[in-house]
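Below is one structure, written out as structure tokens; comments come after it.
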Number of protein chains: 2
Amino acid sequence: MINATADERNVTTPMAGRSSSLAAAEGKALAPRRTRNKPEERHKEFVRKAIELFAEVGFEAGTRELAQRLGVTQPLLYRYFPSKDDLIAAVYQEIYVNRWKPQWREGLLDESRPIRERIVAFYEDYAGTIFTPEWIRIYLFAGLRGVDINRRYATTVEEQILRPITLATRTSFGLGGGEPPTPEEVELFWTLQGGIFYYGVREIVYRFPMPVDRPTMIRNAVDTFLTGVGPVLKRLAERGDAPA
Amino acid sequence: MINATADERNVTTPMAGRSSSLAAAEGKALAPRRTRNKPEERHKEFVRKAIELFAEVGFEAGTRELAQRLGVTQPLLYRYFPSKDDLIAAVYQEIYVNRWKPQWREGLLDESRPIRERIVAFYEDYAGTIFTPEWIRIYLFAGLRGVDINRRYATTVEEQILRPITLATRTSFGLGGGEPPTPEEVELFWTLQGGIFYYGVREIVYRFPMPVDRPTMIRNAVDTFLTGVGPVLKRLAERGDAPA
DNA sequence: GATGTTATTTATCGAACGATAATTAAATAA
DNA sequence: TTATTTAATTATCGTTCGATAAATAACATC
């Protein structure tokens, strides 16, 4: 199922550039290169490559494969991360915490610009951030694994993005004052969010041919949504969530 | 990571109901139960349980775990499936081919009912079919694995569902004749499809609390979409896909 | 009841996995 | 230069995995 390139069999190989000195010409074992790096840089380097590998294969990717890509031996990983799960946790932190931009929320709340412009600008920047194999694939791997990364991230999206959008949209339609959005209202905006997110899943995970480019898709989706959401918001506000 | 319940150590155990006769009271090895089933039933039974297991754990679920749940020994699986991948293929067939309903397309094309009613009815039935852990989780597992199940399924969705919906909607708005839908038009309906699908992902994969029930979500999403899509379709039709 | 077929189990192989202990050598300080 | 520290490697353990070969026992046929 995996390569195992016959070059180096079962034994753990150091590798990464045979010692440029023509040292061991005997052909047996090449002198292993041993470059000593600062722990801080190594830590970052390990996480960076781990993101790459996990995005490709998933979390069942072997630590030996990761070490090989880094040009180090497998046990070295355990000097920097007590266990594989700790490495995975560092990956989560890097992607889903460090890449979150507070200006997303701020931009959406900037009432000096029309609501459509704010929403389109947000989704263009948001798509530019998360429509990468690392972000989307690892996000789905994590979700299927059952870690609560996704629940927590979805909570953040709802609080920092969807509720502000909902309120701003309601305001722009002259509906309701400052009451918090109802679940039905927020759910409406989840549908838009999910529709745009799923564009990325089709493109990056399924590798489905995407004849419509991102900005066009976003513009049309937001236009359709904003045109249609007015009456629905009005209806929801009028009957105060009473069922038909 | 897995249980390994101390009861049965490394050795492959037959199991499944100790022989109800109080046979081996010596405590050592229980007489293994050997019931002989018809190959046809076994095949179905294996696929059924495999779906259950793969939905929980993913395709890296062990064949031993599957055998244990079936109450048989692990090598028996290889009498019915040449390899694990063949078992997985049977799982795909069962879920994504056998569960497809041709009446979805037919119902969407039934011009005797209003377009909104057709679309809402379709999504309610569609959600009832695919919003299960087996369907959604295995679908995402397959997508991340790189098999082309998802590309093929998405093609079917586009051809059997989204293009009919697009044409029917265009007709109901009095726009365009029988020309095939443009990619931009189809992409609009992909956004609705993705938005609704992602509701299922949040509910079933992320286990996000869902305060709005499915029928309400579907009704509001379709209402918003159908209200807003008219002007956008009109704009797309008028300028013949020329960029702004 | 004897015989033949085959569903099922027992036993086992080789590879890959996560992780640990002991050893080696590169950088730093004396 | 020599001594100290520790980054990095070598070697290896115990498990689990997918898969195969051989032995066994349940059912069908005569």
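Because the structure is predicted, anything quoted here is derived from the model rather than measured. So you know, we letter chains A, B, ... as the sequences are listed, proteins then strands, and number each from 1.
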Counting only heavy atoms from other residues, nucleotides and ligands, does the tally under 6.0 Å from [atom1] of [X] exceed 12?
X: Lys44(A); atom1: NZ; answer: no
X: Gln103(A); atom1: CD; answer: yes
X: Arg99(B); atom1: CZ; answer: yes

Practice item. Remember a base hit wins even if backbone is also touched, and classify Phe81(B) as base, sugar-phosphate or nothing at under 4.0 Å, heavy atoms. Key: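 If one applies the 4.0 Å heavy-atom cut-off, Phe81(B) turns out to touch nothing in the nucleic acid.
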Can you tell which of [options] lies closest to the side chain of [X]?
X: Tyr78(B); options: dT10(D), dT20(D), dT9(C); result: dT20(D)
X: Arg64(B); options: dA19(D), dT10(D), dT12(D); result: dA19(D)
X: Thr73(A); options: dC17(C), dT10(D), dT9(C); result: dT10(D)
X: Lys84(B); options: dA21(D), dT9(D), dG18(D); result: dG18(D)
X: Arg79(B); options: dT8(C), dA11(C), dG18(D); result: dT8(C)

Determine: side-chain N/O of [X] to OP1/OP2 of [N], distance under 4.0 Å, yes or no.
X: Thr63(B); N: dG18(D); value: yes
X: Tyr80(A); N: dA8(D); value: yes
X: Arg42(B); N: dT8(C); value: yes

**Study point:** Salt-bridge present (Arg69(B), Glu56(B); N to O < 4.0 Å)
**Key:** yes
